[in-house]
Amino acid sequence: MRSKAEELGLAEERRTVERRRELPPLPNVDKWGYVKTRFAPNPDFLIHLGNARPALLSHIYARMYKGGFVLRFEDTDPRIKTPIPEAYQRIREDLRWLGISWDEEYVQSMRMELYYDVARKLIEKGGAYVDLCTAEEFRKFRSERRACPHRDRPIEEQLELWDKMIEGHFGEGEAVLRIKTDLAHPDPSVIDWVAFRVIDTDKHPHPVTGSRYVVWPTYNFAAAVDDHFMGITHILRGREHAVNTVKQSFIYMYMGWRYPEVVNLGRVNLEGFILSKSRIKELLTKYPGRFLGLDDPRFGTIASLRRRGILPDTIREVILELGVKSSDATVSWDNVAAVNRRIADSRSKRLMFVKEPLEVCIEGIELPFKVSIPYHPSADLGERSYVMTNGCVYVEKRDFENNKGQVVRLMSFINVRFEERSGRAVAKLVGYTVDEARRYGAPIIHWVPKEHSVRARLYVVEGLRLRRVVGMAESSVKELNSGEIIQLVRLGFARVERTKPVPLLIYAHP
RNA sequence: GCCGCGGUAGUAUAGCCCGGUCAAGUAUGCGGGCCUUUCGAGCCCGUGACCCGGGUUCAAAUCCCGGCCGCGGCACCA
C-alpha cells in the first residue's frame, strides 16, 4: 500500500516537472530596463478562455521579470459595446480566481480629459484633423487615395472644430477626428483612421460617466495613449490587433514616443463551446429563460468553466501548453477534462448518486447495520457513516436489470445476489469482502441507503442543451460546501451548485 | 480593397525561427494487462502522423518556389 502511494507521489512529481515549460524570453527587455505588461478587457461582458491567454501570459511575464502588471478596462464604446456595470467587478473576480494580481488599475472612461489633451496636441502638431465628411464621402476619397477637403484646413480652424465637437455641436456621424497617416498606404484601413467619434450618450449613456461626454476615443487612440502613459513595455495581445500596431504607431511618431514591444497571440477556441461574447449575449437575449445566467455552464467564459467545476490550475496549464504563438489554437474538451481530472482527483470526495433509482431490500443482513465509507480511497478526506435499520437501498435500474440472478458488490458495503421475486426486486446477502466478490467475478456498483438518501438534481451539459437528471444521492451531500468539486462514483466529476433545498450538482466531465 | 495565419497519428497539438540529436514529443482516444471504493484515477505494454509537387543541401517536418485546401483580421468595435 505504501509503495503504491509512493509510486503515485513520485509519478505525479515527475509529471509536473515535465510540464513546467520555460516561456521564451520577451524581446528587447534590456533596452527598456524593466518590464511592464497589461491586460485590457472590455467590460461589455465576462472574460472567456480566449481572454485568459493574454491575461495569464502578460501576468506571468510581469512576475517572471519582477515587473509591473496593469489591469485596464477599455470601455470607450457606450453605443455598440456598451459596458455592463457588473462586468467590471466580475472580471476582477475572474482574474483573481485565475491567480492574477495587478499592481495598477485604470478605467478608460475616467481618463477622457487625458485623451482630449493628447488629441489637442496632435492637432497642434498637424497630426490630426476634424473630418466633417459622411462615412461614404470619406470612403470615396480614401479609395482614390485623395485627401478629403477637411484634411488640410488651418490648425486654428481644426482646434475650433475640435472644441465644438467636444461641446456637443455635432451629432453622431457628423464629425470625427482623424489621425493623419499616409494617403498612399497600401492598407486602406490604415489611411487617416478615426481617433474620436461622436456618441449620443443621452441615447446611449455610459455606465460610468453617464451623458457627460459625447466625443469618445476609439480603441486605437485610447490604447495607444494609455500604453504610453502607463509605461507599458510589452504588449501581448491577439493577432487580430496586428494592423492596430501600424495605426497606433502614427501617434507615437507625432508625439515622439517609443512604441512598446508587441507580441501577437493566436486566438483560442474551446471545442464544443461558444466563446464569442456577442454570440453569448445574443443567445441570452433571444432565449432569456433558457440559461442559468451569464455564467451558464454551457458557455466558454471563465465564470462558466468555474461553475462547471474546472479548476484555475487547469486553465493555467492548458493556456501555458499553448505557448506564446501567433497561431490560433483549438483546445479539446477531452484534454481540459484530463488535466482537470488529474488535478481534482486527489482532493475530491467520492459520493454516490443513483439515477433511475430502483428500491432493493437486502435479505439476510443483520440489522441494524452500520456502514462507514471513507470519502476518498487514499487521501484523508474523512468519512461518512450510515446506520441502516431496514436494509433497503437504491441502485440504478439498469444495474439491476443487467445483473439479475448474478452477484454484484455494493461498493464498500456487501456482496449480494440480485433476484426478482413476484415482480419485486430483492438482493440476497452472499458475503462481505472484496475478495469474495472477485471470486464471483462480481461487478462493483454504486448504491444509496434508502434511509439516508435525498432527492438531488444533476445538470449535464450537452452542447447547447442542459440535461436535467433527477436521482437519489447520499444524504451526506447536504453537508458539502457549494462550490466544492466532488466525484460521483462511476459517473464522473461534478461541482456542488447548492445543497438546499434540493441539492443541485453540475456535471463536469468523466 | 488590404493584411495575416495554418495544413504533423481518430482528435487536439509540440517540434519548424537556429536543417542532422525526429526511425517525430505530449495529451486525449483506442486495444491489452495490473490495481481496486468506480464503466473513474493511477501504473505497465501496445496502436498510430510530417497536405501535394519541385528546388537547395552530404542531410529537410524544419529553408526556398509553386499548387491545393482550410481559416482569420482591419475599414467612426475592442
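Chain letters run A, B, ... following the sequence lines, proteins first and then strands; every chain starts at 1.
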Checking base pairs now: Watson-Crick or wobble, both atom distances under 3.5 Å. What partners [N]?
{"N": "B:U57", "value": "none"}
{"N": "B:G42", "value": "B:C34"}
{"N": "B:C16", "value": "none"}
{"N": "B:C50", "value": "none"}
{"N": "B:G72", "value": "B:C3"}

Within the 4.0 Å heavy-atom criterion, would you say [X] contacts the bases, only the backbone, or no part of the nucleic acid?
{"X": "A:Glu271", "value": "sugar-phosphate"}
{"X": "A:Ala329", "value": "sugar-phosphate"}
{"X": "A:Tyr375", "value": "base"}
{"X": "A:Ser412", "value": "base"}
{"X": "A:Ala135", "value": "base"}

The nucleotide from B:U28, B:G1, B:A41 with an atom nearest the side chain of A:Pro188 is B:G1
Quick one: is A:Thr330 getting a side-chain N or O under 4.0 Å of the B:U13 phosphate, OP1 or OP2?
-> yes
Answer yes or no: does a side-chain N or O of A:Lys325 lie under 4.0 Å from OP1 or OP2 of B:G15?
-> yes
Worked verdict on A:Glu144 versus A:Arg146 for salt bridge (Lys or Arg N to Asp or Glu O under 4.0 Å) = CA-CA 5 Å; A:Glu144 293 163 358; A:Arg146 284 167 47 210; 2.5 Å; yes
Face-on cation placement of A:Arg90 at A:Phe45 ring, 6.0 Å and 45° thresholds = no
Cation over ring face, A:Arg72 and A:Phe39, 6.0 Å, 45° = no
Side chain to side chain contact (heavy atoms under 4.5 Å, CB included) partner of A:Leu505, the single match among A:Leu351, A:Leu458, A:Val460, A:Leu491 | A:Leu458
